[in-house]
Amino acid sequence: MTLRVRFAPSPTGYLHVGGARTALFNWLLARKEGGVFILRIEDTDRERSSEAHTQAILHGLDWLGITWDEGPYFQSEGLERHRADAFTLLERGWAYRDFSTPEQAAQDREEQVRVGSRLRRARERAEAMSADEVEARLARGEPFAVRLRVPEGETVWEDRVHGEMRFRNEEIDDLVILRSDGTPTYNLAVVSDDVAHGVTLVMRGDDHISNTPKQILIYRGLGKPVPEFAHVPMILGPDGKRLSKRHGATAVGDYEKEGILPEAMVNFLALLGWSPGDDREVFTRQELIEAFSLERVLKKSAVFDLEKLRWLNGQHLMRMATADLLPRVEARLREAGVLLGPGAPSPPAGDAATRVDLATLVELLKPRSRTLEDLVAQARPYFTDPVDYDRPSVEKHWLKDVSGARRRLEAAMGRLQGAPWEAAALEAELRALAEELGSGAGKLFQTLRVALTGRDASPGLFDVLVLLGRERSLRRLEAALAYLRAEAAGPESRKASLTPPDEAD
RNA sequence: GCCCCCAUCGUCUAUCGGUUAGGACACCACUCUUUCAAGGUGGAGAGGGGAGUUCGAUUCUCCCUGGGGGCACCA
C-alpha cells in the first residue's frame, strides 16, 4: 500500500514555523517513500478562517518548495459527508443524540470539574429518554447534538515516534461530534476527511496525542481501517514555552522577508526534532529526502534557535551559485530603490563605464553575509553616490590623523591615475606606495577603503577597486578628500573657540 | 484539579550497557589576513535527584522533581 500523508492547517493565521516543520516532515517522508502528500485546508471554523490566510499558507509552502500531490482540499466541502458519518455512528449505536440545553451542558461541565472525574451525564439523560420521547422531540424539531458513545476498555496504538500509547477509555469524554446546528466538530471532520482521502499515516504535532484515542474510536465506529500515527515534537521558544508571537517572528513569511533562503529554512527546520545520525549539518533538499526517516525523529521538543538559522543561512548563501542568487538580490535592491527598473542604469545616472557588475559584487559578498537583507545592505554603498560615510569608520581611519589621511588619499590618487585597472597590478601599485609612505599597508588600505565604501569592512580592497572601476573610484577618492578638507577647517576652528582665553599662557 | 508526553553542554544533537560522553550554533583565545567575513587550531561547557537491575549504567525499570501538551457544541 502506498504511503499517503497529509498536512492539514487551519487558515486562522499565517504559516507558522511549527506547522511548516510538520508539513516538511510529511513531505520528506512522502518524497522518500514515493508516497502521496496531500494538502487539506481545515476551514470549518468560519469565524476565524480567511481566504487571505489560506493564500498565505499556500504561498509559504510554495516558498519552502513543499509541493503537494493532491489538493488543496477544503474541509468545508465535506460537510455533507461529515454529517452522514455522524449519522452512521448514530445508527451503529456508537453515538447518541444529546438534547441537553446549553445550561445543562454548562452545569455538566462544572460538575465534572468539581467531582474531578469523567461523568457521562449527557449519556445518562439520553439513555433515560424513551424512544417515544425522542420521536416526539424530533417531530417537534428540537435541536440535538450528537455525541460519541465511548466504550469501556482501553484505546491503544503503536505510535511511529512514541511507541505504544495507551489510554483508558474512562478518561475520554463522550465528545460532541455533530453540533446542534448540524455542523461537525474537529475530531469527526478530521477522521471523516482522512478516511475519504485514504490517509495511511497521520503525522502531526504531539499536541494532538490526546485527540488520537478519540479519533481512533471514531474510525472503529465507522468501521474504517485506523491509519498509523506519528506524533512529532513541538517547537518551543527560547523560554521553553510553545513558540508564539511574543517570541518574535513565528510566521514563515517573516523569515522570507528577512532574507532567509528557503533552502536554509527547510534545512534548519528539518534539524529540529530530527537528526541524520551523523555530523552533517548543511543539507540540500534532495539530501534531506534521502537521509530522512521517521525512526530518527526525536520525542523531545526543540527550541527554535535563530542564531543557528542565520548561520545555516550563511552557509547556504555562500554555497549557492551566484546565478541563482542574482535575481533574488536584484529584486531586493530594486525594492530598496537602489536599482531602478530592468535595464535602467545602475546606479542612477550611471553610464556603462561606472556601472557596477552585480554578479561580481554578489560573488564577493555572499560569503560575508548571513541573510539576503544583510547582503543587500552591504551591496548598497556600491550603488549610491555620494557614499554614506559610516561615522565610526571615518573617525577611526580619517579623523585621528586628518593630514595623514589626506596625504595618503592624494598619493593614492596620483598612483592610481595611470595604473592598469586590474587587481594584481593595483595591489602592486598600492603596496609600493605604502612602502614609500612608510606608514604600513594596512593604514593606507583602510583609509582608502573608507573613501571607496564609506566603511571599514568590505571585500578585498583591490576587488573593490576593480568592481567600482577607475572613474568611479577616483571620483570617490576625490570626494573623500573634499570631505577631509572641510573637516580640517571645521573642527579646528571649533576647538579654538572652545579654548578659554585666560588659560593660555 | 485530572489525563498524557518529555528530560545529554545555554541551544540543536550523537550515543542503540563498557566512550577521555562526540559534533554543530553561540562564546573565548590563537591563526590566516589590507578590513570584514569565510577557513584552520585550541578552550570553556552536559547526562535533574533518588532507588533498583547489572560485573558495569547517560543508556533498562520505578519514584520524585522539572518542563511541555491536552481536558469546548475551537481547530
Side-chain angles (χ1 to χ4, degrees), chain A residues 8-12 42-45 47-49 75 98 100 102 105-106 109 112-118 143-147 159 161-162 165-168 170-173 175-187 189-190 205-213 231 233-234 236 238 240-242 268 271-282 298-312 314-315 318 364-370 378 393 397 427 430-431 434 440-450 453 455-462 464:
Chain A
S10 52
T12 54
E42 306 212 321
D43 60 343
T44 43
D45 183 350
E47 300 294 303
R48 295 191 296 148
S49 298
Q75 190 154 67
D98 177 12
S100 307
R109 211 173 310 124
Q112 177 141 314
V113 169
R114 185 159 32 93
V115 175
S117 71
R118 306 278 154 174
F144 61 89
V146 178
R147 282 183 185 271
D159 195 278
V161 172
H162 290 269
M165 301 289 285
R166 190 177 284 272
F167 280 78
R168 292 188 304 282
E170 63 199 42
E171 299 294 342
I172 304 169
D173 273 316
L175 62 146
V176 167
I177 54 176
L178 198 68
R179 300 188 189 93
S180 46
D181 65 0
T183 60
T185 62
Y186 169 72
N187 283 297
V190 168
D206 65 15
D207 50 334
H208 280 287
I209 284 179
S210 48
N211 278 324
T212 306
H231 288 94
M234 303 214 300
L236 274 26
K241 304 241 184 283
R242 190 189 190 128
F268 176 70
L271 257 18
L272 240 38
W274 171 83
S275 93
D278 52 40
D279 288 341
R280 287 179 294 167
E281 299 271 356
V282 183
L298 279 288
K299 297 185 206 174
K300 194 177 74 156
S301 45
V303 173
F304 190 92
D305 181 4
L306 198 58
E307 279 308 314
K308 187 147 184 173
L309 169 59
R310 294 224 170 95
W311 168 77
L312 205 46
Q315 293 293 315
M318 70 184 169
L364 292 173
L365 254 23
K366 68 182 187 180
R368 345 177 105 78
S369 310
R370 294 223 133 178
Q378 291 192 63
S393 300
H397 301 286
E427 175 159 13
L430 290 176
R431 284 199 187 279
K443 202 160 195 174
L444 171 65
F445 295 174
Q446 285 303 80
T447 305
L448 296 178
R449 190 188 309 280
V450 175
T453 69
R455 50 182 82 180
D456 63 359
S458 81
L461 189 66
F462 316 110
V464 169

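Computation of the quantities below employed the complete heavy-atom set of this structure, encompassing side-chain atoms and omitting hydrogens, waters and symmetry-equivalent molecules. Note on naming: letters A, B, ... go to the chains in the order of the sequence lines (proteins, then strands), and numbering restarts at 1 for each one. Please read all numbers here as calculations on a predicted model, not as lab measurements.
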Using a 4.0 Å heavy-atom cut-off across all strands, classify Asn211(A) as base, sugar-phosphate, or nothing.
base
Side chain of Leu461(A): nearest nucleotide among rC25(B), rC3(B), rU34(B)?
rU34(B)
Within the pair Arg118(A) and rC71(B), is there a side-chain N or O less than 4.0 Å away from OP1 or OP2?
no
Checking rC73(B), rA75(B), rC5(B) against the side chain of Gln75(A) (C-beta onward), the nearest is rA75(B)
Looking at Arg242(A), I'd like to know whether one of its side-chain N or O atoms comes within less than 4.0 Å of OP1 or OP2 on rG70(B).
yes
Arg109(A) side chain near rA72(B) phosphate (N/O to OP1/OP2, under 4.0 Å):
no
Which of the following nucleotides, rG22(B), rA14(B), rC36(B), is nearest to the side chain of Ser275(A)?
rA14(B)
Indicate, with a heavy-atom threshold strictly under 4.0 Å, whether Leu298(A) touches base, sugar-phosphate, or nothing.
sugar-phosphate
Taking every heavy atom of Asp181(A) against every heavy atom of Thr183(A), the minimum-distance pair comes out as OD1-OG1, 2.7 Å
To the nearest 0.5 Å, what is the distance between OG1 on Thr212(A) and CE on Met165(A)?
7.5 Å
Sugar-phosphate, base or nothing in reach of Asp456(A), heavy atoms under 4.0 Å
base
Among rA75(B), rU34(B), rG68(B), find the nucleotide with the atom closest to the side chain of Thr44(A).
rA75(B)
Considering only side-chain heavy atoms of Val176(A), which listed nucleotide, rC73(B), rA75(B), rC3(B), is closest?
rC73(B)
Go through the N and O atoms of the side chain of Ser180(A) and the base of rC73(B), and report whether any donor-acceptor pair is under 3.5 Å.
yes
Sequence-aligned protein contact record of nucleotides 6-12 of chain B, with B where the base is within under 4.0 Å of a protein heavy atom and S where only the sugar-phosphate is
SSS--BB
From Phe304(A) CZ over to Met234(A) CE, what is the distance, rounded to the nearest 0.5 angstrom?
15.0 Å
Determine the contact category for Phe268(A): base if any of its heavy atoms lies under 4.0 Å from a base atom, sugar-phosphate if only primed atoms, P, OP1 or OP2 are that close, otherwise nothing.
nothing
Sorted by position of nearest nucleotide on RNA chain B, 5' first, the leading residue of Leu236(A) and Arg168(A) is Arg168(A)
For rA26(B) and Arg310(A) - does any side-chain N or O of the residue sit under 4.0 Å from the phosphate oxygens OP1/OP2?
no
For rG39(B) versus rG22(B), give the span between their P atoms, rounded off to a whole number of Å.
22 Å
Does any N or O in the side chain of Gln378(A) come within less than 3.5 Å of the main-chain N or O of Leu365(A), such that one atom is a donor and the other an acceptor?
no
Would you mind classifying the nucleic acid contact of Thr185(A) as base, sugar-phosphate or nothing, using non-hydrogen atoms under 4.0 angstrom?
sugar-phosphate
Given that Arg48(A) and Met234(A) both sit by RNA chain B, which one's nearest nucleotide is further toward the 5' end?
Met234(A)
Residue pair Thr185(A) / Asn187(A), side-chain donor-acceptor N/O under 3.5 Å
no
Using a cut-off of 4.0 Å on non-hydrogen atoms, how would the nucleic acid contact of Glu47(A) be classed: base, sugar-phosphate, or nothing?
nothing
With heavy atoms under 4.0 Å as the rule, sort Arg147(A) into base, sugar-phosphate or nothing.
sugar-phosphate
Shortest non-hydrogen contact from Glu42(A) to Tyr186(A)?
OE1-CE1, 3.4 Å
For atom C1', what is the distance between rA7(B) and rG47(B), given to the nearest Å?
10 Å
Taking only the side-chain heavy atoms of Gln315(A) (C-beta and beyond), determine which of rA75(B), rC71(B), rG39(B) contains the nearest atom.
rG39(B)
Less than 4.0 angstrom between a side-chain N/O of Gln446(A) and OP1 or OP2 of rU33(B), yes or no?
no
Report which part of the nucleic acid Pro102(A) touches: base, sugar-phosphate, or nothing (heavy-atom distance under 4.0 Å, all strands).
nothing
Can a salt bridge be assigned to the pair Asp456(A) and Arg449(A) using a cut-off of 4.0 Å between side-chain N and carboxylate O?
no
Between Ser210(A) and rC71(B), is there a side-chain N or O to OP1/OP2 distance below 4.0 Å?
no
